[in-house]
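Everything below concerns the one structure shown next.
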Amino acid sequence: MTTLTLDGEERFRRFLHPVLTILARPYPGTVLSMGSVAGRTVVVVEDEHAIAEAVAARLRAEDFEVHVAGDGPSGVDLCRRVRPDVVVLDVMLPGYDGLEVCRRIQAEPAIEPMILMLTARDAETDVVVGLGVGADDYVTKPFSARELVARVKALVRRIERSAQVAGEARIVAGDLEVDPAGRRVRLAGEEVHLTPTEFDLLVHLARAPGVVFSRERLLTEVWGYADGSGERTVDTHVASLRRKVGARWIRTAHGVGYAFEAG
């Protein structure tokens, strides 16, 4: 079962059928240069066999190590075993849905993967709730192999960037303390749990207090996207950050973007 309508699902199946045999060929060009992905592990949690196999084949062609699960409980168990870098997660799954899978993965202290959710084109609620429970990004069905690979590689690039901040000074503003090297946030002395994307977004804004970042700029500099598409992703993550650390730290510049307020 998927989030597609019957017509959309049928179109997607017809699209997949003639290309399943060629999906493993290297794509002639990529949207962004993301560096090496060798050794990076992806878990695909998708109950539609044709979609799961197509996604897995395409990612393996890009040198990812890929594991596949067909339902919610199996997906969580698989993530516990292999500790992936990225999880490609469908919203509608048997057992329990992708939102519950996302919650359970976020509750596991030993695994902190980036999560890319697969949603129906018109399922706005799925997108908002998914990002709210800790997903890092989303792709709508039907999607192209190129788009999916570009999004996964962008998530991998962010993992690599986060490993390069050792020794960076802590950011302190009032009772908010952000430790980029330790990837920890404390508010009034209490530790605040943020998802990887929420943390990266907070650090990026807090490094330049008072500076207004447009949504397009944040998508480029935090998410690593070249085309600046997906502004709703930024808004949802900002809303989640405000719920966790307080609204006073992030100011909205209406019609433009967001800024960190240090005072």
Side-chain angles (χ1 to χ4, degrees), residues 34-49 51-91 93-119 130-139 148-166 179-185 191-203 222-224 233 237 240 244:
M34 295 295 178
S36 174
V37 299
R40 295 295 183 179
T41 302
V42 179
V43 163
V44 177
V45 189
E46 167 63 68
D47 64 319
E48 287 288 343
H49 180 74
I51 298 175
E53 288 305 310
V55 169
R58 187 66 189 89
L59 290 170
R60 287 178 182 130
E62 297 288 334
D63 294 326
F64 287 100
E65 178 184 335
V66 184
H67 303 265
V68 178
D71 58 57
S74 297
V76 174
D77 290 342
L78 184 57
C79 288
R80 289 179 180 138
R81 292 200 309 272
V82 305
R83 298 186 181 184
D85 298 292
V86 179
V87 178
V88 178
L89 177 62
D90 191 20
V91 171
L93 294 167
Y96 33 77
D97 65 18
L99 301 177
E100 181 62 23
V101 172
C102 189
R103 291 187 188 97
R104 291 178 182 243
I105 291 174
Q106 292 292 339
E108 294 282 340
I111 52 174
E112 291 187 339
M114 295 288 190
I115 299 176
L116 178 66
M117 298 202 82
L118 307 179
T119 74
L131 296 176
V133 299
D136 297 284
D137 199 6
Y138 68 96
V139 173
L148 181 79
V149 170
R151 294 297 178 96
V152 171
K153 285 187 175 182
L155 293 175
V156 168
R157 185 182 185 184
R158 286 170 50 201
I159 294 171
E160 294 170 347
R161 281 206 311 265
S162 69
Q164 298 172 358
V165 297
D179 178 5
R183 295 189 69 81
R184 290 184 172 182
V185 174
E191 189 157 352
V192 180
H193 175 73
L194 300 181
T195 67
T197 298
E198 290 166 354
F199 184 86
D200 291 343
L201 178 59
L202 177 60
V203 169
V222 177
W223 276 261
T233 300
H237 278 90
S240 182
K244 293 182 178 182

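Along the sequence shown, residues carry numbers from 1.
- Electrostatic pairing of Arg103 and Glu100 counts as a salt bridge here, judged by a charged N lying under 4.0 Å from a carboxylate O.
- Contact annotation: the side chain of Thr197 approaches that of Trp223 to within less than 4.5 Å [non-hydrogen atoms, C-beta and beyond].
- Side-chain contact between Glu160 and Arg40 is present, with at least one heavy-atom pair separated by less than 4.5 Å.
- Annotation: the span from Asp71 atom CG to Glu46 atom CD amounts to 11.5 Å, rounded to 0.5 Å.
- Once rounded to the nearest 0.5 Å, the distance linking CG of Asp200 with CG of Asp136 reads 8.5 Å.
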(request) I would like to know whether Glu191 and His193 meet side-chain hydrogen bond (donor to acceptor under 3.5 Å, both in side chains); could you show each step before the answer? (result) CA-CA 7 Å; Glu191 189 157 352; His193 175 73; over 6 Å; no
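- The two atoms that bring Ala154 and Gly224 nearest to each other are CB-O, 4.2 Å, heavy atoms only.
- Between Arg184 and Asp179, none of the side-chain N atoms (NZ, or NE/NH1/NH2) sits under 4.0 Å from a carboxylate O, so this pair counts as no salt bridge.
- For the pair Pro94 and Asp47, the tightest heavy-atom approach, listed with the atom from each and the gap, is CD-CB, 3.6 Å.
- Taking all atoms of both residues into account, the shortest heavy-atom contact from Arg80 to Arg83 is O-CG, 3.9 Å.
- For the atom pair Leu118 CG and Leu93 CG, the distance stands at 9.0 Å (nearest 0.5 Å).
- Annotation for Val87 and Cys79: closest pair CG2-SG, 3.7 Å, computed over non-hydrogen atoms.
- Nearest heavy atoms, Pro196 versus Pro113: CG-O, 4.4 Å.
- For the pair Arg183/Glu112, no side-chain contact is recorded, criterion being any heavy-atom separation below 4.5 Å from C-beta on.
- Taking 4.5 Å as the limit, some side-chain heavy atom of Ile159 sits within range of a side-chain heavy atom of Met114.
- Counting only distance, with no hydrogens or angles, the side chain of Asp85 and the backbone of Thr41 share a donor-acceptor pair below 3.5 Å.
- A 4.5 Å side-chain heavy-atom check between Val222 and His237 finds every atom pair outside the cut-off.
- Counting heavy atoms from C-beta outward, Val68 and Val55 have side chains that stay 4.5 Å or more apart.
- Between the CG atom in Leu89 and the CG atom in Leu116 there is a gap of 9.0 Å [rounded to 0.5 Å].
- From Ile111, atom CD1 reaches atom CZ of Arg81 across 11.5 Å, with rounding to the nearest 0.5 Å.
- Proximity of Phe64 to Arg58: side-chain heavy atoms (C-beta onward) are nowhere separated by under 4.5 Å.
- Residue Met117 forms a side chain to side chain contact (heavy atoms under 4.5 Å, CB included) with just one option from Val45, Leu99, Asp90, Val88, and that option is Leu99.
- Atom-to-atom distance recorded for Arg158:CZ and Leu201:CG is 9.0 Å, nearest 0.5 angstrom.
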